A.B. asks: 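Handing you this structure, nothing more for now.
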Amino acid sequence: MASPEITTAEKTTNLPAFKWTKEHDVLLAREMLTAEPYKCKNRSRESGQAWDLIAANLNSVHAPCFRVSQKSVRDMRARIMLKNFKLKMREEEVGIEVEELSELELALEEIIEKEKAANAQLDLEESVRKNELQDKANAEEMHLQTMEILERARSAEKLQD
């Protein structure tokens, strides 16, 4: 008797829901510092590969056990975790009681600093690229104008002869 094949969707629905803990968050933050997905342009192939690597590395950890995908790591957890940390840091800047930072918070702070630096670098590279394209367009326009002037001079010379 042949056993019915179980699809991937059926496999995941039978598993209990994955619940994030502080230990999971710390490991995610460490992986983010290692893979540095923020150095890639958002929604690029390189960024997706970095998030895939993070998800694969986390899924290979046995204690604590992970069951995550690229999307769940990138969209759900990393962004929420960073957003909450930024909110907490703003509250501390206002003057609300400052506590000693945990390993997770130190890692998140480092991620945010590296993310800002990477965004600044990406913006700089983008502006350099735009300037190069503009310079190329200007040079092309000048070349066309020069060719037009040269053509007029040649036609005027022919008329005089």
Side-chain angles (χ1 to χ4, degrees), residues 8-9 12 18-61 66-96 98-159:
T8 306
T12 57
F18 178 72
K19 182 152 173 77
W20 286 91
T21 65
K22 287 283 185 192
E23 194 174 2
H24 288 106
D25 290 344
V26 169
L27 290 173
L28 171 60
R30 286 180 188 165
E31 282 297 322
M32 287 174 65
L33 286 170
T34 303
E36 298 181 327
Y38 41 80
K39 283 193 172 180
C40 307
K41 191 173 182 180
N42 281 342
R43 298 185 176 160
S44 67
R45 182 177 312 151
E46 295 82 14
S47 174
Q49 290 170 345
W51 286 110
D52 279 335
L53 176 66
I54 290 171
N57 288 345
L58 291 175
N59 285 329
S60 69
V61 173
F66 281 88
R67 280 191 328 270
V68 294
S69 66
Q70 175 205 36
K71 184 177 181 179
S72 67
V73 170
R74 180 192 68 222
D75 292 343
M76 304 301 281
R77 198 61 195 173
R79 290 193 180 148
I80 291 170
M81 199 168 51
L82 289 171
K83 179 182 162 193
N84 290 341
F85 180 71
K86 287 176 184 177
L87 181 63
K88 180 179 178 182
M89 293 309 292
R90 269 191 245 122
E91 288 174 354
E92 287 180 0
E93 286 175 5
V94 172
I96 298 176
V98 177
E99 302 170 7
E100 189 173 320
L101 296 178
S102 67
E103 179 186 1
L104 174 62
E105 292 169 333
L106 289 172
L108 291 174
E109 189 172 42
E110 187 176 346
I111 289 169
I112 290 170
E113 289 171 8
K114 286 185 174 187
E115 188 176 29
K116 284 180 184 177
N119 285 339
Q121 181 66 28
L122 287 172
D123 290 345
L124 178 64
E125 289 171 2
E126 181 68 20
S127 67
V128 166
R129 189 182 65 78
K130 283 182 180 179
N131 287 341
E132 288 174 352
L133 289 175
Q134 184 62 41
D135 289 347
K136 185 176 179 180
N138 289 345
E140 210 170 289
E141 180 66 28
M142 287 175 62
H143 176 72
L144 290 174
Q145 288 175 355
T146 304
M147 294 302 291
E148 189 177 300
I149 291 170
L150 183 60
E151 186 64 34
R152 279 193 231 140
R154 285 183 183 163
S155 63
E157 193 175 287
K158 285 183 182 179
L159 288 176

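Index from 1, following the sequence. None of these values were measured; they are calculated from a predicted model.
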A.B. asks: Would you say H143 and T146 are linked by a side-chain donor-acceptor pair, where the criterion is simply a distance under 3.5 Å?
C.D. replies: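 Per modelled atom types, T146 and H143 side chains form no pair under 3.5 Å.
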
A.B. asks: With the side chain counted from C-beta on, respond yes when R74 and K71 share a heavy-atom pair under 4.5 Å apart, and no when they do not.
C.D. replies: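 SC-SC contact between R74 and K71 confirmed.
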
A.B. asks: Heavy-atom distance under 4.5 Å between the side chains of I80 and F85, does that happen here?
C.D. replies: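 Not touching, per the 4.5 Å side-chain cut-off.
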
A.B. asks: Any donor and acceptor pair, going by atom type alone, linking the side chain of S47 with main-chain N or O of S44 inside 3.5 Å?
C.D. replies: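 No, because the side chain of S47 does not come within donor-acceptor range (under 3.5 Å) of the backbone of S44.
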
A.B. asks: For N59 and V68, indicate whether the former's side chain and the latter's backbone hold a donor-acceptor pair under 3.5 Å.
C.D. replies: yes

A.B. asks: Just so I know, are the side chains of E115 and N119 near enough to count as touching, which here means a heavy-atom distance under 4.5 Å?
C.D. replies: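 Result yes, sub-4.5 Å side-chain heavy-atom pair found.
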
A.B. asks: Identify the two heavy atoms, one from F66 and one from L27, that lie closest to each other, and give their separation to 0.1 Å.
C.D. replies: CE1-CD1, 3.7 Å

A.B. asks: If only atom types and distance count, is the side chain of E31 paired as donor or acceptor with the main-chain N or O of A55 below 3.5 Å?
C.D. replies: no

A.B. asks: Would you say that E36 contacts I111 through its side chain, given a criterion of any heavy-atom pair below 4.5 Å between the two side chains?
C.D. replies: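 With C-beta onward as the side chain, the pair stays apart.
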
A.B. asks: Taking all heavy atoms of A118 and all of Y38, pick out the closest pair and write down the distance.
C.D. replies: CB-O, 3.5 Å

A.B. asks: Would you call L58 and R30 a side-chain contact if the rule is heavy atoms closer than 4.5 Å?
C.D. replies: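 No; the side chains remain at least 4.5 Å from each other.
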
A.B. asks: Table please: side-chain donor-acceptor pairs of residues 130-139 below 3.5 Å, with sequence neighbours left out.
C.D. replies:
residue, atom, partner, partner atom, Å
N131, ND2, S127, O, 3.4
Q134, NE2, N138, OD1, 3.1
N138, ND2, Q134, O, 3.4

A.B. asks: Is E113 reaching over with its side chain to a backbone N or O of E110, donor-acceptor style, under 3.5 angstrom?
C.D. replies: no

A.B. asks: Hey, could you give me the CD/CG distance between E148 and L144, rounded to the nearest 0.5 Å?
C.D. replies: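 It is 8.5 Å, given to the nearest 0.5 Å.
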
A.B. asks: Output the distance between atom NZ (K41) and atom CD (E126), rounded to the nearest 0.5 Å.
C.D. replies: 5.0 Å

A.B. asks: Do E46 and K39 sit within salt-bridge range, that is, some charged N less than 4.0 Å from a carboxylate O?
C.D. replies: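 Here E46 does not pair with K39 in a salt bridge, since their nearest N and O are not under 4.0 Å apart.
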
A.B. asks: How far does CG of L53 sit from CG of N57, to the nearest 0.5 angstrom?
C.D. replies: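 Answer rounded to 0.5 Å: 4.5 Å.
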
A.B. asks: Any chance you could lay out the side chain to side chain contact (heavy atoms under 4.5 Å, CB included) test for R79 and K83, step after step, and finish with the verdict?
C.D. replies: CA-CA 6 Å; R79 290 193 180 148; K83 179 182 162 193; over 6 Å; no

A.B. asks: Minimum heavy-atom separation for D25 to L104, with atom names?
C.D. replies: O-CD1, 3.5 Å

A.B. asks: Any ion pair linking R154 and E157 (charged N to carboxylate O, less than 4.0 Å)?
C.D. replies: no

A.B. asks: Looking at P37 and I54, what are the two nearest heavy atoms and their distance?
C.D. replies: CG-CD1, 3.8 Å

